[in-house]
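So the structure is just underneath, and the comments pick up after that.
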2 protein chains.
Amino acid sequence: MAARKRQSRNKASDGGERAFLAAYDASAFPHPSVAVDVALVTIVEGALRAVLVRREEHPAKGAWALPGGFVGMDESLDAAAARVLATKVGVEGVFVEQLYTFGAVKRDPRTRVIAVAYYALVHPGLLERAPLNGNTVLAELAVPWRGESGGDVGAVRPEGGRLKLAFDHAAMLGLVVLRLRGKLDYAPIGFELLPRHFTLRQLQEVHETILGKRLNKDSFRRRMLASGRIRATGRREADVGHRPAALYRFARRTKR
Amino acid sequence: MAARKRQSRNKASDGGERAFLAAYDASAFPHPSVAVDVALVTIVEGALRAVLVRREEHPAKGAWALPGGFVGMDESLDAAAARVLATKVGVEGVFVEQLYTFGAVKRDPRTRVIAVAYYALVHPGLLERAPLNGNTVLAELAVPWRGESGGDVGAVRPEGGRLKLAFDHAAMLGLVVLRLRGKLDYAPIGFELLPRHFTLRQLQEVHETILGKRLNKDSFRRRMLASGRIRATGRREADVGHRPAALYRFARRTKR
DNA sequence: GGACATATATGCGATAGGCATATATGCTTT
DNA sequence: AAAGCATATATGCCTATCGCATATATGTCC
């Protein structure tokens with residue numbers, strides 16, 4: 001689906017055309033800058049949450065923003081997103097996918113900045129190693145439940161109140177939720193929010209959290225088992241005060 | 001720091017912060033350029049087709065490419081896509097939507113160019129007014145049909161042979177097809193490829209062309225009529241050598 | 001008026017989802 | 001050790017939808 005290309009850093013070597021290329025170097029003219037903003041999303045306590053960092057500088061100083069950074073001349077967009085995740089949040093090797101590119105003229109009051117938004121999914125257990133200091137927060141994404149009124153999809157609230165978000169980052173988070181909802185049925189994104197081994201109930205809770213509505217337990221179970229995307233591990237959960245559920249893991253191939 | 005001159009552009013508001021903003025002007029450093037490429041897609045003779053222009057300049061001189069252009073400092077991405085469509089193809093007021101942003105480092109041998117790909121949908125009748133001269137072609141997108149083997153999705157062929165595409169534009173076209181397939185069920189994109197009034201059979205043929213497989217006629221009819229997205233006009237097609245079909249039009253609201 | 005081609009309507013079996021009920025099982029309590 | 005508990009797992013039924021077949025309707029063409 002999303003073209004995820006990993007580009008090797010082969011250095012430029014167009015010998016004969018160099019003079020020509022220089023003449024067409026678009027960077028000689030003023031043009032927009034490009035940044036990546038990454039929404040690192042997880043689920044804690046039954047709510048979608050995203051990592052936000054407090055801006056130390058103008059513009060929007062003091063507001064909360066998605067971790068981001070400008071795209072270097074020699075790194076791909078995907079690489080820039082991974083770098084931002086590793087540098088600013090300390091997370092590596094997680095699911096990352098491009099979301100949308102925001103290009104309104106005045107979205108950044110400084111200069112013209114085009115932002116390529118990414119979203120990443122991670123099991124909260126992996127976030128424990130990433131220190132969330134005072135300048136970083138795991139904010140709950142407001143996802144109105146079925147029948148529940150009020151609240152924009154994806155708007156952010158910390159613990160009841162509402163955080164002021166910089167730039168158009170609130171729109172980015174709203175789009176993340178919509179994208180997750182749209183892809184949940186046909187893309188293996190639910191598993192990214194769970195540990196390697198999980199129960200069917202845990203998987204259902206992830207789906208319910210993303211979709212913002214309750215699902216029928218039996219139908220969900222049948223659908224998942226028939227999808228061929230999960231495989232029984234033969235193990236069971238432990239230390240629960242009742243019959244333990246079977247543990248499954250994600251199966252890459254759709255076997256039928 | 002030295003980019004002070006640049007800052008005079010937006011003297012509109014930020015009185016006190018001007019010096020600060022100048023210090024953070026990212027355009028003072030070398031950074032990637034941004035272009036938009038637009039796939040104008042239509043259906044002619046039962047095949048998805050896209051407008052391609054022959055490149056007159058290096059790089060990839062002589063190859064076929066999607067109409068594109070660099071993004072100006074004072075235009076949004078959406079505006080740039082609309083400008084490219086109007087300027088290079090002569091089409092306005094059609095459905096345009098962002099597709100994906102391609103950011104591999106070496107995708108353009110000249111300099112670093114990040115391409116925000118768009119796709120547009122248009123009824124072929126509207127394209128007749130747009131002159132397709134020798135440098136412009138309406139190339140068929142290779143969409144393998146169910147059971148049919150070979151051929152990358154979205155690869156381009158003129159009339160049997162295969163066109164050489166510049167840059168990563170073949171990947172863009174492939175992604176267009178996948179996106180159309182994915183959105184067809186829940187987004188009103190099929191109607192964009194039809195005239196204002198259309199028959200159910202015409203709509204079904206559009207769906208079949210996009211999906212690359214035959215659909216059951218009765219199920220399709222029932223599904224469309226029950227979707228609430230089409231409304232009977234009371235009129236019928238004329239001059240067909242058999243019983244004329246009822247004409248429908250797209251209804252914005254999903255009434256139930 | 002009849003042939004023809006396609007549109008439109010109706011019925012039926014297969015399949016999947018929603019729902020209720022019954023059974024299984026590991027842990028905790030008595 | 002036995003009973004209780006809470007949840008997992010299995011089974012059956014009803015209904016909506018889809019694929020398929022059949023029947024009827026309605027224009028044009030000869």
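Worth saying up front: this structure is predicted, and the values here are computed from it rather than measured. Numbered from 1 within each chain, the chains take letters A, B, ... in sequence-line order.
- A donor and an acceptor atom sit less than 3.5 Å apart, one in the side chain of B/Arg243 and one in the base of D/dA25.
- With the nearest nucleotide of DNA chain C identified for both A/Asp218 and A/Pro244, A/Asp218 has the one nearer the 5' end.
- Across all strands, B/Ala238 comes closer than 4.0 Å to no nucleic acid atom at all (heavy-atom distances).
- Between C/dC19 and A/Lys217, no contact under 4.0 Å exists linking OP1 or OP2 to a side-chain N or O.
- Closest to the side chain of A/Asn216, from the set C/dT8, D/dT9, C/dC19, is C/dC19.
- Annotation for B/Phe102 and B/Arg107: closest pair O-CD, 3.5 Å, computed over non-hydrogen atoms.
- Ion pairing of B/Glu97 with B/Lys183 is present here, as a side-chain N (NZ or NE/NH1/NH2) and a carboxylate O approach within less than 4.0 Å.
- Following rounding to the nearest Å, B/Leu225 (CG) and D/dT17 (P) show an atom-to-atom distance of 13 Å.
- Other residues, nucleotides and ligands place more than 12 heavy atoms under 6.0 Å from the CZ atom of B/Arg236.
- To the nearest 0.5 Å, atoms CG (B/Leu52) and CG (B/Leu138) are separated by 8.5 Å.
- A/Arg201 has no side-chain polar atom (N or O) that falls below the 4.0 Å cut-off from OP1 or OP2 of D/dT7.
- The distance from atom CZ of B/Phe220 to atom C1' of C/dT8 is 16 Å, rounded to the nearest whole Å.
- Residue contacts for B/Arg222: at a heavy-atom cut-off of 4.0 Å it reaches a base atom on one of the strands shown.
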